[in-house]
Amino acid sequence: MRFVSPGATSSRHGDARAEIRCIEGRAGDIMQAARGLFEHRGVGPTTVKDIASEAGITRELFYYYYSGKRDVIDAVLDDYVADIVESVAVWNETRHFGDTSASLRECIATLRRTLYDANGPRPMIAVLEELGVRDAFDVRAVRETANFICEKVVSEYERYHDIKIDLVYETMCVMIFGLVGLLKVDPSISDEALMKVVEQTFRLDMRPLPCCEKED
């Protein structure tokens, strides 16, 4: 069993995480205004003037925080990646420790919510497709998500179970890409089927632990 592969060293993926900017304060407000407009109007029709008006600021103040529309687009893309990783972090904090089956079911539900809402694909998807960055974005999102899961979830699982596959990080990347693709092919596929795919791919031990509380 080999948990950390040469392609998934902490230094490499530490650098990758640094690419995601944490945007707060007025700059964050501007970015959120742009994000809302992009999702409701589209990126092309939205101007810097529109974004400034939505954020309740002047165009001059917009340019104090961002060099132009392309700069705020990049900030929105960063925010999308951060949202995805945050959703995984929330799942990790709230999942049922020691109950692999329940945790996996909640993970699949998180994946569905990330990609779809009650109206179909989330507005984020249309923004990515309009910008023509869907593939590049998917690579970033999968890289960050796989890195988080390996660091926070797989490492904990390893303390209580044998890991029965090699190249865990690489398999995690393939798994995430595959699940997203499978949902595109068959959006109505059941959670049970998706769970079985994950279980079989990672050869998970689905037996619950005797203890269901995390250690301090």
Side-chain angles (χ1 to χ4, degrees), residues 3 5 7-8 13 16-17 19-20 35 38-44 73 76-92 94-96 99-154 157 161 163-206:
F3 170 50
S5 69
H13 293 285
R17 286 195 300 276
E19 295 174 6
I20 300 179
R35 175 172 167 167
F38 294 164
E39 292 179 356
H40 288 92
R41 295 186 186 178
V43 180
I73 287 172
V76 169
L77 296 178
D78 286 344
D79 197 52
Y80 283 150
V81 176
D83 274 358
I84 291 171
V85 177
E86 178 64 20
S87 69
V88 177
V90 170
W91 162 76
N92 184 48
T94 58
R95 63 188 170 89
H96 297 283
D99 189 341
T100 303
S101 180
S103 296
L104 184 53
R105 183 177 297 279
E106 292 162 4
C107 183
I108 295 300
T110 298
L111 173 65
R112 286 192 188 274
R113 287 193 298 270
T114 299
L115 299 175
Y116 301 97
D117 59 24
N119 299 314
R122 296 186 69 85
M124 169 187 74
I125 305 299
V127 173
L128 297 174
E129 291 179 347
E130 181 184 350
L131 290 169
V133 298
R134 179 73 184 271
D135 288 345
F137 177 86
D138 286 351
V139 169
R140 281 190 65 191
V142 168
R143 180 184 61 199
E144 298 300 330
T145 302
N147 185 67
F148 180 91
I149 292 175
C150 285
E151 286 187 353
K152 304 296 185 180
V153 183
V154 176
Y157 178 90
H161 307 274
I163 294 182
K164 299 179 180 180
I165 64 169
D166 294 328
L167 302 172
V168 175
Y169 172 80
E170 289 81 357
T171 305
M172 186 68 67
C173 290
V174 172
M175 186 78 266
I176 298 170
F177 273 118
L179 289 174
V180 173
L182 185 54
L183 282 168
K184 289 181 184 178
V185 171
D186 183 8
S188 64
I189 188 171
S190 68
D191 287 358
E192 288 73 17
L194 293 174
M195 290 170 62
K196 196 65 178 179
V197 169
V198 177
E199 177 189 344
Q200 292 179 156
T201 300
F202 287 106
R203 300 175 63 189
L204 295 176
D205 181 356
M206 303 300 288

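Just so we're clear, the structure is a prediction, and the values are computed from it rather than from any experiment.
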Check ion pair D138-R143 (N to O, under 4.0 angstrom)
no
Do the side chains of L131 and L77 get nearer than 4.5 Å, heavy atoms only?
yes
Evaluate salt bridge (charged side-chain N to carboxylate O under 4.0 Å, His left out) for E192 paired with R105, printing each intermediate quantity in order.
CA-CA 8 Å; E192 288 73 17; R105 183 177 297 279; 3.0 Å; yes
Testing the basics here: between L128 and F137, what is the closest heavy-atom pair and its distance to 0.1 Å?
CD1-CD2, 3.4 Å
N/O donor to acceptor pairs below 3.5 angstrom from side-chain atoms of residues 84-91, sequence neighbours left out:
from	atom 1	to	atom 2	distance (Å)
S87	OG	I84	O	2.6
W91	NE1	S103	O	3.0

Candidate pair V142 and V180, rule side chain to side chain contact (heavy atoms under 4.5 Å, CB included), full reasoning
CA-CA 10 Å; V142 168; V180 173; 5.9 Å; no
Set of residues satisfying ring pair (Phe, Tyr, Trp, His ring centres under 6.0 Å) with respect to Y157, sequence neighbours excluded:
H161
Just to verify, what does V174 make a side-chain contact (heavy atoms from CB on, under 4.5 Å) with, not counting sequence neighbours?
none
Could you state the interatomic distance from OG1 (T201) to CD1 (I165), rounded to the nearest 0.5 Å?
8.0 Å
With side chain to side chain contact (heavy atoms under 4.5 Å, CB included) as the criterion, how do V197 and M175 come out once you've worked through the C-alpha distance, each side chain's angles and the decisive distance to 0.1 Å?
CA-CA 9 Å; V197 169; M175 186 78 266; 3.5 Å; yes
With side chains defined as the heavy atoms from C-beta onward, is the minimum distance between F202 and M172 less than 4.5 Å?
yes
Output the distance between atom CD (E199) and atom OG1 (T100), rounded to the nearest 0.5 Å.
9.5 Å
Smallest separation among heavy atoms of V154 and C150, with atom names
CB-O, 3.6 Å
Where do Y80 and V127 come nearest, in terms of heavy atoms and distance?
OH-CG2, 3.6 Å
Step by step, work out the salt bridge (charged side-chain N to carboxylate O under 4.0 Å, His left out) result for R95 and E106.
CA-CA 7 Å; R95 63 188 170 89; E106 292 162 4; over 6 Å; no
Taking side chain as C-beta onward, heavy atoms only, is L111 less than 4.5 Å from L183?
yes
Side chain to side chain contact (heavy atoms under 4.5 Å, CB included), that's the test. Do D191 and R112 meet it? Break it down for me.
CA-CA 9 Å; D191 287 358; R112 286 192 188 274; 2.6 Å; yes
Side-chain contact test, heavy atoms from C-beta onward, threshold under 4.5 Å: evaluate it for F38 versus I73 and give yes or no.
yes
Whether D83 and R35 form a salt bridge (side-chain N of Lys/Arg under 4.0 Å from carboxylate O of Asp/Glu) is what I want to check.
yes
Grab the two heavy atoms, one from E130 and one from G44, that are nearest each other, plus how far apart they are.
OE2-N, 2.7 Å
What's the shortest heavy-atom distance between A102 and D99, and which atoms?
N-OD1, 3.2 Å
For D117 against P123, the heavy-atom pair lying closest together
OD2-CD, 3.8 Å
Any side-chain donor-acceptor pair under 3.5 Å between N147 and T145?
no
Could you give me the CA-CA distance, side-chain angles and deciding distance for S101 and M195, then say whether side chain to side chain contact (heavy atoms under 4.5 Å, CB included) is met?
CA-CA 8 Å; S101 180; M195 290 170 62; 3.9 Å; yes
